[in-house]
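Taking it in order: structure first as structure tokens, then the write-up.
Both ligands and their constituent atoms are indexed starting at 1 by order of listing. Quick note: residue numbers are just sequence positions, from 1.
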Amino acid sequence: MKLKCGSRTLDLSQPQIMGILNVTPDSFSDGGRHCDLEGAMAQARRMVEEGASILDVGGESTRPGAAEVSLAQELDRTLPVIEQIRAELDVVISIDTSKAEVMRQAVAAGAGIINDVRALQAPGALEAAAQSGAAICLMHMQGQPRTMQQAPTYENLFLEINRFLQSRVQACREAGIVASRLILDPGLGFGKTLQHNFQLLANLDQLREHGLPLLIGLSRKSMIGNLLERSIDQRMVGSVTGALLAIQQGAEIVRVHDVAQTRDAVRVWQATQAQRSTPLL
Ligand SMILES: Nc1nc2[nH]c(S[C@@H](C(=O)O)c3ccccc3)nc2c(=O)[nH]1
């Protein structure tokens, strides 16, 4: 299955690795080492070298309690990096934003995927995404980043998430966005308890009713950190393990910090898959 991402296409018949490129001073896992262009480009080159087929450029930290980022700030942080990646690297660029104007300018600068943790609910976002021609990732979040982790509760976790995602898919359809441009994401860590996150990771098949590709992002998140009692820089093994568990259930894209290690896990999985004896007919 091919996903059109602007001028590029992604082959979703094999798991794709999305490398996280935070260009925010307070990004939680790399402490803003990449908020300068050269630092970001060094990280971008490394992740492509290590096997990322997508780079997710984020200029607004969605950390609970994070300060709001102005439009100008988000553009200043992301556009130069997107332009330089487009000029230099053979990779699909994803813009992690909820702002319509950032979507517009990021796609004009070369982004082929709009990755919106707010699923195009901000003013003008649906129209900007529709006009962009980019692929779009619609993610579920309960509440807002500032308060989402205070007391996440669901009557029925999968029913509520599927209803939300279906409503956003419908909104896209009504805005003229064909379903073949869409990717869905349950939003691990976005208004979910530890148990909710593992219920979602354990049952990805229950998110397949929409017939759309799935993106899973759990890398270095608190679902790994709290379970293992590990600090952020000690969560790589747990994160790679989680990514592979998602891939084993058919997740088409995994959003990760540790690209080389995830790539190794994908290759071990692919070699194993290749040797599966065909089931008796
Ligand atoms: N589609 C998609 N986009 C995403 N952007 C992010 S930001 C997140 C992080 O841990 O990177 C995060 C959350 C809270 C604070 C800092 C960083 N997570 C996802 C995801 O799970 N799916």
Side-chain angles (χ1 to χ4, degrees), residues 3 5 10 16-32 34 43 47 52 54-69 74 78 92-99 102-103 106 111 113-121 125 129 134-150 152 161 164-165 168 182-192 196-198 200-201 204 207 212-226 231-233 235-236 238-239 242-243 246 251-259 262:
L3 177 72
C5 304
L10 270 180
Q16 298 299 325
I17 298 174
M18 173 188 268
I20 298 169
L21 190 58
N22 277 326
V23 287
T24 55
D26 68 344
S27 51
F28 85 115
S29 80
D30 51 21
H34 310 302
Q43 170 83 342
M47 290 196 286
I54 311 163
L55 294 181
D56 191 35
V57 180
E60 178 205 12
S61 165
T62 37
R63 168 199 308 279
E68 287 287 312
V69 173
E74 207 172 325
T78 55
V92 170
I93 302 167
S94 165
I95 178 71
D96 190 335
T97 188
S98 297
K99 294 189 181 72
V102 176
M103 293 173 188
I113 297 177
I114 292 170
N115 175 27
D116 184 4
V117 299
R118 293 179 182 82
L120 302 181
Q121 296 177 100
I136 300 153
C137 182
L138 302 171
M139 194 196 83
H140 173 269
M141 177 190 322
Q142 186 185 69
Q144 291 304 319
R146 205 167 41 75
T147 55
M148 64 188 177
Q149 288 308 117
Q150 281 166 2
I161 291 177
F164 171 82
L165 293 174
R168 300 315 298 156
L182 299 179
I183 306 161
L184 300 183
D185 181 339
L188 298 180
F190 285 89
K192 282 93 177 176
H196 292 144
N197 287 318
F198 280 100
L200 288 164
L201 180 59
L204 295 184
L207 298 169
L212 294 174
L214 288 183
L215 187 155
I216 297 298
L218 54 77
S219 182
R220 299 187 190 174
K221 287 190 176 178
S222 58
M223 72 182 275
I224 302 297
N226 294 346
S231 59
I232 282 175
D233 55 350
R235 296 176 187 175
M236 182 270 287
S239 300
E252 283 84 357
I253 302 171
V254 287
R255 181 179 178 277
V256 307
H257 299 87
D258 305 293
V259 174
T262 307

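- Counting heavy atoms closer than 4.0 Å to ligand 1, residue Asn22 contributes nothing at all.
- Only the side chain of Arg255 comes within 4.0 Å of ligand 1, judged by heavy-atom distances.
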Margin query: Could you walk me through whether Glu60 and Ser98 satisfy the side chain to side chain donor-acceptor pair (under 3.5 Å) test, starting with their C-alpha distance in whole Å, then the side-chain angles of each, then the deciding distance to 0.1 Å, before giving a yes or no?
Written below: CA-CA 9 Å; Glu60 178 205 12; Ser98 297; 4.8 Å; no
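- Annotation: Asn115 places an N or O atom under 3.5 Å from an N or O atom of ligand 1; distance criterion only.
- By the criterion of a heavy-atom distance under 4.0 Å, the side chain of Leu215, and not its backbone, is placed next to ligand 1.
- Contact check for Leu3 versus Ile183: side-chain heavy atoms found under the 4.5 Å cut-off.
- Of all the atoms in ligand 1, the ones that sit under 4.0 Å from a non-hydrogen atom of Val117 are 3 (N), 4 (C), 5 (N).
- Met18 has its side chain out of reach of Gln16: every pair of non-hydrogen atoms, C-beta onward, lies at least 4.5 Å apart.
- Arg255 has a carboxylate O that lies under 4.0 Å from a charged side-chain N of Asp96, or vice versa, which qualifies the two as a salt bridge.
- Only the side chain of Asp96 comes within 4.0 Å of ligand 1, judged by heavy-atom distances.
- Listed by number with element, the atoms of ligand 1 under 4.0 Å from a non-hydrogen atom of Gly217 are 21 (O).
- Near Met139, meaning under 4.0 Å from one of its heavy atoms, ligand 1 places the atoms 2 (C), 20 (C), 22 (N).
- Under the 4.5 Å side-chain criterion, counting only non-hydrogen atoms from C-beta, Arg118 is in contact with Pro145.
- When only interatomic distances are considered, the shortest N/O to N/O separation between Phe190 and ligand 1 does not fall below 3.5 Å.
- Residue Asp185 has at least one nitrogen or oxygen atom sitting less than 3.5 Å from a nitrogen or oxygen atom of ligand 1, judged on distance alone.
- With contacts defined as side-chain heavy-atom distances shorter than 4.5 Å, the pair Leu212/Leu165 does not qualify.
- Leu120 is listed as a side-chain neighbour of Ile136, based on a closest heavy-atom distance under 4.5 Å.
- Between Met223 and Phe198, the closest side-chain pair of non-hydrogen atoms falls below 4.5 Å.
- Under a 4.0 Å heavy-atom criterion, Cys137 is in contact with ligand 1.
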